[in-house]
Amino acid sequence: MLNNQHSANFRRGALNTLAQTGTSNLANQAIIVAGNGSDLSNCDAMKKRAKRKTITQAMMLNMIDLCDREGTDERRKAFWNTYHCQAKVYTIGGKLYARYCKNRHCLLCCSIRKADIINRYLPVIQKWEEPYFLTLTVKAVPYKNLNAVMKRMIETFRKIIEKYKKQNQRGKGIKLKGVRSLESNFNPVAKTYNPHFHCIVANKQMAEIIMAEWLKRSKPGKTNRAAQNMTRIFNNVTALIEVVKYGSKIFTDHDIDKKSKIAKQGKGQAKIYVAALYNIFRSMKGLRIFERFGFNLPKDAKPLPVGTRVVKDFYEWNFHAPSNDWLSIDTGNPLSNFIASFDLLSLLKNFIDNKLE
């Protein structure tokens, strides 16, 4: 079954006739589609989709290579599923339909998930009079400790929320209300990982309570006040995007040492640390990355997709890696007209670090 791509938040552009550049289904075959499809009239959105697909495929080949070198099939199937995510798409009546892998390491699916969360949570957060953005972090750790530290962080946060929920039920104090996500950065110099939470809470008092409890409950030497952050939110959309973005940064500065000659000259080379991402994905397995606390979403917050249906009038496109685009199976015409920049192609070819420490 082909799942729905939510695109309500995408900026609509001029009408695009991309779907009409192929040859219609001459064999009179039938396919089953579901959902509302993605709007093809937004040229920029289609090019971004092709760019994400290009980056994702390059990343997944390196992830699969890591699995082969480690001699483990634990994640290999998932990486191949992501590699093939949206490898074939169909266009029907100005809409695009495809299959989605729904994996955390898929840039295409993460984009869908982000748009979906923003659509559902933004109306609620916009009603909060004084929302605050909160960052909670701990001391950086080596990979071998990352999973255990993340689990302790989630448990600590849960206990804080539960404490004030019970107090509120007894008529004492406020119930904490907000959303939080788990993320991890990688330091390529120190070879360490920095797990942290991004949160949006309803007001300053809640932010102060959570931060105070976080510092009090942390082990000595594992946190400090200067590393935490609490800021009033004036742009709810920007803040929510920061919270729901993917659990790890794909691109990292080649040299993060601010005192280095390269950094001073502003000529640091971006790099994709695939081995570090591989470790982060493994450490996050089974963990709840994003969750709300202290409130429920309205029942109609997530619109129901259109039911499945059988169609015969469609165009079929396959992703062609050398072209970085989907090509018509009949004419060879491109779907998005995305042209990868020299810098992106150089990055994907020459600056992917897949060396496990």
Side-chain angles (χ1 to χ4, degrees), residues 3 49-89 98-114 140-151 154 181-195 245-252 254 269-290 318-322 324 326 340 344-357:
N3 298 313
R49 183 193 291 256
K51 182 178 181 179
R52 293 189 190 101
K53 178 63 178 172
T54 298
I55 296 171
T56 298
Q57 282 203 332
M59 287 173 53
M60 290 308 104
L61 289 177
N62 280 272
M63 295 283 186
I64 293 164
D65 180 60
L66 287 172
C67 288
D68 292 342
R69 278 189 277 153
E70 280 203 320
T72 175
D73 290 330
E74 180 185 1
R75 304 289 294 169
R76 198 173 189 275
K77 183 178 179 180
F79 293 145
W80 272 121
N81 286 340
T82 296
Y83 179 85
H84 293 295
C85 182
Q86 299 187 52
K88 177 182 292 185
V89 300
R99 288 186 173 88
Y100 303 104
C101 69
K102 299 182 180 180
N103 287 325
R104 292 176 180 175
H105 42 261
C106 179
L107 297 185
L108 293 158
C109 292
C110 285
S111 176
I112 299 169
R113 189 178 297 112
K114 180 173 72 174
V141 296
Y143 163 64
K144 65 180 181 179
N145 297 337
L146 184 58
N147 177 260
V149 170
M150 285 180 168
K151 287 180 177 178
I154 292 173
S181 67
L182 175 66
E183 183 179 323
S184 178
N185 294 343
F186 172 66
N187 183 325
V189 176
K191 308 297 183 185
T192 55
Y193 298 80
N194 176 227
K245 69 183 181 182
Y246 193 50
S248 56
K249 288 183 173 62
I250 301 302
F251 298 98
T252 307
H254 178 60
Q269 170 63 52
K271 203 167 189 179
I272 302 179
Y273 288 91
V274 169
L277 289 169
Y278 180 81
N279 288 337
I280 292 171
F281 295 146
R282 289 195 298 181
S283 298
M284 286 183 168
K285 184 180 179 181
L287 303 182
R288 191 88 175 258
I289 304 302
F290 175 88
N318 288 333
F319 191 80
H320 184 243
N324 306 306
W326 292 270
L344 177 60
L345 294 177
S346 176
L347 175 68
L348 297 178
K349 182 178 180 180
N350 303 312
F351 295 99
I352 290 184
D353 188 327
N354 63 359
K355 298 175 183 176
L356 285 170
E357 297 298 325

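Computed from a prediction, not measured in an experiment: that's the story for all the values here.
Met63 places none of its side-chain heavy atoms less than 4.5 Å from the side chain of His105. Between Asp353 and Pro188, the closest side-chain pair of non-hydrogen atoms is not below 4.5 Å. A heavy-atom distance below 4.5 Å is not found between the side chains of Cys101 and Tyr83. Residues Tyr100 and Arg113 form no side-chain contact, since every pair of their non-hydrogen atoms from C-beta on lies 4.5 Å or further apart.
Every residue two or more places apart in sequence or in another chain that forms a side chain to side chain donor-acceptor pair (under 3.5 Å) with Asp68 is listed here: Arg76. Scored by the side chain to side chain contact (heavy atoms under 4.5 Å, CB included) test, Thr54 finds Phe319, Asn324, Phe338, Leu348 as partners (sequence neighbours excluded). Shown here are the salt bridge (charged side-chain N to carboxylate O under 4.0 Å, His left out) partners of Lys285, two or more places apart in sequence or in another chain: Glu74. For Tyr143, the side chain to side chain donor-acceptor pair (under 3.5 Å) partners two or more places apart in sequence, or in a different chain, are Arg282. Considering only residues two or more places apart in sequence or on other chains, Phe290 meets the ring-ring contact (aromatic ring centres under 6.0 Å, His included) condition with Tyr121. Residues forming a ring-ring contact (aromatic ring centres under 6.0 Å, His included) with His84 (at least two apart in sequence, or on another chain): Trp80. Annotation: salt bridge (charged side-chain N to carboxylate O under 4.0 Å, His left out) contacts of Lys151 (sequence neighbours excluded): none.
Legend: salt bridge (charged side-chain N to carboxylate O under 4.0 Å, His left out) pairs involving residues 55-66, not counting sequence neighbours, sorted by first then second residue: Asp65-Arg69. Residue pairs satisfying the side-chain hydrogen bond (donor to acceptor under 3.5 Å, both in side chains) criterion with at least one member in residues 55-64, sequence neighbours excluded, are listed as follows: Asn62-Asn354.
Checked by atom type and distance alone, the side chain of Lys53 pairs as donor or acceptor with a backbone atom of Cys85 at under 3.5 Å. Not one N or O on the side chain of Arg52 forms a donor-acceptor pair closer than 3.5 Å with the backbone of Ser111. Between the Lys191 side chain and the Phe186 main chain, no donor and acceptor come within less than 3.5 Å of each other.
Between Ala276 and Tyr193, the shortest heavy-atom contact is CA-OH, 3.5 Å.
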